[in-house]
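All values below were derived from every heavy atom in this structure, side-chain atoms included, with hydrogens, water molecules and symmetry-related copies excluded. Along the sequence shown, the residues carry numbers beginning at 1. When a ligand or atom number is given, it counts from 1 through the structure's own listing order.
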Amino acid sequence: IHQRINVDKNAPPEVPYWIPYLGSAIQFSVNPIKFYDDNRKKYGDIFTYTMVGRKFTVCLGVEGNNFVFNAKTADVSAEESYTPLTTPVFGKGVVYDCPNHMLMEQKKFVKWGMSNDAFRAYVSEIEEETRTYFERWNNKVGGRADLFTAMAELIINTASRTLMGPEIRSLMDESVAQVYHDLDDGFQPINMFFQWLPLPSYARRDRAHVKMRNIFMKVIEERRANNITDKTDMLQSLMNQTYKDGTPFTDVDACHLMIALLMAGQHTSSTTATWALLFLAENPELVKELRAEQKDVLGSDDAPLNFDMMKNMTLLDNVIRETLRLRPPIIMILRKVIRPIAYTGTDYVIPKGNYIAASPIATQVDEQYYKNAMKFDAHRWDSISTEESTTEGMVDYGFGKIASGGARNPNLPFGAGRHRCIGESFAYVQLKTIISTFVRMYDVSLTEKGMPGSDFTKMFVQPVLPVDIDYKPRK
Ligand code: HEM
């Protein structure tokens with residue numbers, strides 16, 4: 001066994017490995033949850049493992065989550081961890097290709113585009129997209145369909161109709177879908193490690209980046225030329241921003257940030273929608289309860305959906321919350337250590353150059369916090385109000401107040417601290433509308449293959465493909 005002797009006696013324990021360089025990459029990507037569990041029993045909540053020549057110090061438990069999410073920018077850097085992967089896809093000057101304070105301002109620009117007024121308009125648009133999409137299924141007798149593909153297409157249609165604007169939506173069935181696909185292919189974990197390889201997918205990715213930017217740029221130019229200012233979408237709100245110190249946020253920056261949002265919201269939401277419907281297929285009683293909730297809240301289960309009233313659909317909220325507890329699409333959050341950093345409450349000092357990793361999925365499936373932790377039970381959240389889980393310890397990092405004292409919350413599918421997700425409310429609006437509309441139209445059941453397993457080799461964890469589902473029209 002290849003066991004590196006710690007140069008620094010205070011460095012956290014290291015997981016031994018057989019294959020130099022590759023380290024534990026294979027065990028980790030087959031099943032990271034088991035990998036953490038096994039090693040946690042041997043080493044405790046904090047230990048280091050090697051993958052593809054890099055050292056990852058994972059910090060488990062609620063204290064570990066808090067340590068990573070609230071680490072100081074003087075000690076750790078998200079930019080240095082993610083930039084090889086994200087900059088070629090998003091483009092320069094935004095997100096991880098700029099100083100952290102600029103990202104904080106960009107997140108504020110994005111938040112402005114996610115107001116309740118915008119959401120009010122989005123709900124009926126998403127409802128219409130969903131209905132139109134699923135009317136293409138066999139709505140006379142039912143059948144079997146690939147749910148994952150359907151959700152991926154539907155999320156891109158709804159996100160482009162709402163956040164990206166009607167011009168982009170109208171191009172969706174033609175050129176943009178292919179460009180998106182090529183760009184997305186450039187968003188693989190492997191690209192974090194081998195950015196210098198002359199892979200054909202890198203050339204496709206780079207071409208796709210330019211095409212995507214040009215698509216957004218053309219829309220911006222047309223809106224400016226025609227003095228169009230009445231749009232509620234994200235693109236419009238990004239077209240009118242300036243940094244606090246007067247630095248302009250250019251149209252190119254706006255295009256790059258739009259690409260980043262497209263990437264951040266697409267897989268996260270489409271896998272969540274897929275898992276949620278799979279759990280519903282497994283729990284037909286819950287589907288009946290959701291329809292009853294729609295009747296309670298809206299007066300009937302075929303009245304138009306409405307943003308303000310949907311706030312009272314708490315069971316639906318809890319279905320999504322429980323889906324994200326068990327199947328969070330992001331299972332590893334990274335920061336690169338830029339100066340040695342002591343781990344709170346221990347003698348450990350994490351060396352410069354390591355990555356620290358948070359994996360909130362570990363606490364999300366921990367029996368200590370959730371009884372029958374591996375069981376899907378939307379009702380476990382009945383007594384916990386949304387208020388309670390989001391208002392504790394509000395902190396303002398510069399892009400609006402967010403729940404950060406809550407970094408010790410065992411359930412953190414959207415992260416915590418300064419890098420916390422700003423897309424959570426949009427994701428809930430989108431998922432709630434899609435699921436409500438879907439359960440009005442169809443009954444679903446699992447095929448003989450049952451529940452799919454998870455594929456952990458992707459950037460965003462997804463079900464093992466293909467995900468077939470049996471469906472029957474309701475009426
Ligand atoms: C950050 C999860 C949807 C935009 C994050 C982070 C997580 C996350 C875990 C923290 C990353 C880190 O700390 O390194 C999710 C999940 C989603 C979702 C589970 C859906 C179910 C969205 C959507 C958007 C979005 C729809 C935009 C429209 C962002 C942005 C960040 C972020 C801009 C900030 C990155 C940073 O500050 O470093 N998300 N997200 N997300 N997300 Fe989401």
A.B. asks: Determine the interplanar angle of the Tyr471 and Tyr442 rings, folded into 0 to 90°, and report it as parallel if under 30°, tilted if 30 to 60°, perpendicular if over 60°.
C.D. replies: perpendicular
A.B. asks: Is there side-chain contact between Pro166 and Asp233, with heavy atoms separated by less than 4.5 Å?
C.D. replies: yes
A.B. asks: Does a side-chain heavy-atom distance below 4.5 Å link Tyr348 with Pro12?
C.D. replies: yes
A.B. asks: Quick one: look up the protein heavy atom nearest atom 11 (C) of ligand 1 and list residue, atom name and how far away it is.
C.D. replies: His419 O, 4.0 Å
A.B. asks: Can you tell me the protein heavy atom closest to atom 14 (O) of ligand 1 and the distance?
C.D. replies: Tyr82 OH, 2.8 Å
A.B. asks: Atoms of ligand 1 less than 4.0 Å from Leu103 heavy atoms?
C.D. replies: 36 (C), 37 (O), 38 (O)
A.B. asks: Quick one: does ligand 1 sit under 4.0 Å from the side chain of Met114, the backbone, both or neither, non-hydrogen atoms only?
C.D. replies: side chain
A.B. asks: Please indicate whether His181 has more than 12 foreign heavy atoms, meaning atoms of other residues, nucleotides or ligands, lying under 6.0 Å from its NE2.
C.D. replies: no
A.B. asks: Is any N or O atom of Ser269, backbone or side chain, closer than 3.5 Å to an N or O atom of ligand 1?
C.D. replies: no
A.B. asks: For ligand 1, does Met234 get within less than 4.0 Å through its side chain, its backbone, both, or neither, judged by non-hydrogen atoms?
C.D. replies: neither
A.B. asks: Does any N/O atom on Thr272 come nearer than 3.5 Å to any N/O atom on ligand 1?
C.D. replies: no
A.B. asks: Quick one: do the His267 and Asp184 side chains pair a donor with an acceptor below 3.5 Å?
C.D. replies: yes
A.B. asks: At what distance is the nearest protein heavy atom to atom 35 (C) of ligand 1, and which residue and atom is it?
C.D. replies: Tyr96 OH, 3.4 Å
A.B. asks: So for Pro413, does at least one of its heavy atoms come nearer than 4.0 angstrom to any atom of ligand 1?
C.D. replies: yes
A.B. asks: Which protein N, O or S atoms sit under 2.8 Å from atom 43 (Fe) of ligand 1?
C.D. replies: Cys421 SG
A.B. asks: Could you work out, with ring-ring contact (aromatic ring centres under 6.0 Å, His included) as the rule, every residue matching Phe56, not counting sequence neighbours?
C.D. replies: Tyr49, Tyr355
A.B. asks: For ligand 1, which atoms sit closer than 4.0 Å to a heavy atom of Pro329?
C.D. replies: 19 (C)
A.B. asks: Identify whether NZ of Lys or CZ of Arg in Arg205 sits under 6.0 Å from the centre of the six-membered ring of Tyr202 and within 45° of that ring's axis.
C.D. replies: yes
A.B. asks: Taking both backbone and side-chain atoms of Arg420, is any N or O found less than 3.5 Å from an N or O belonging to ligand 1?
C.D. replies: no
A.B. asks: Considering only heavy atoms, does Val110 approach ligand 1 within less than 4.0 Å through its side chain, its backbone, both, or neither?
C.D. replies: neither
A.B. asks: We want to know whether Thr48 and Thr57 form a side-chain donor-acceptor pair, criterion being a heavy-atom distance below 3.5 angstrom.
C.D. replies: yes
A.B. asks: Tell me whether the count of non-hydrogen atoms from other residues, nucleotides or ligands lying under 6.0 Å of NZ in Lys311 goes above 12.
C.D. replies: yes
A.B. asks: Kindly indicate whether the side chain of Pro463, heavy atoms from C-beta on, has any atom under 4.5 Å from the side chain of Phe148.
C.D. replies: yes
A.B. asks: Taking atom types as modelled and ignoring hydrogens, do the side chains of His209 and Asp206 form a donor-acceptor contact shorter than 3.5 angstrom?
C.D. replies: no
A.B. asks: For atom 37 (O) of ligand 1, which protein heavy atom lies nearest, and how many Å away is it?
C.D. replies: Lys107 NZ, 2.7 Å
A.B. asks: What class does the angle between the rings of Phe134 and Phe438 fall in, given that below 30° is parallel, 30 to 60° is tilted and above 60° is perpendicular?
C.D. replies: perpendicular
A.B. asks: Please examine the side chains of Met212 and Leu262, heavy atoms only from C-beta on, and report whether any two atoms are closer than 4.5 Å.
C.D. replies: yes
A.B. asks: Between atom CG of Asp251 and atom CE of Met258, what is the distance when rounded to the nearest 0.5 Å?
C.D. replies: 12.5 Å
A.B. asks: Specify side chain, backbone, both or neither for Pro328, according to which of its non-hydrogen atoms lie closer than 4.0 Å to ligand 1.
C.D. replies: neither
A.B. asks: Near Leu163, which atoms of ligand 1 are under 4.0 Å from a heavy atom of that residue?
C.D. replies: 28 (C)
A.B. asks: Relative to the heavy atoms of Arg335, which atoms of ligand 1 are at a distance of less than 4.0 Å?
C.D. replies: 12 (C), 13 (O), 14 (O)
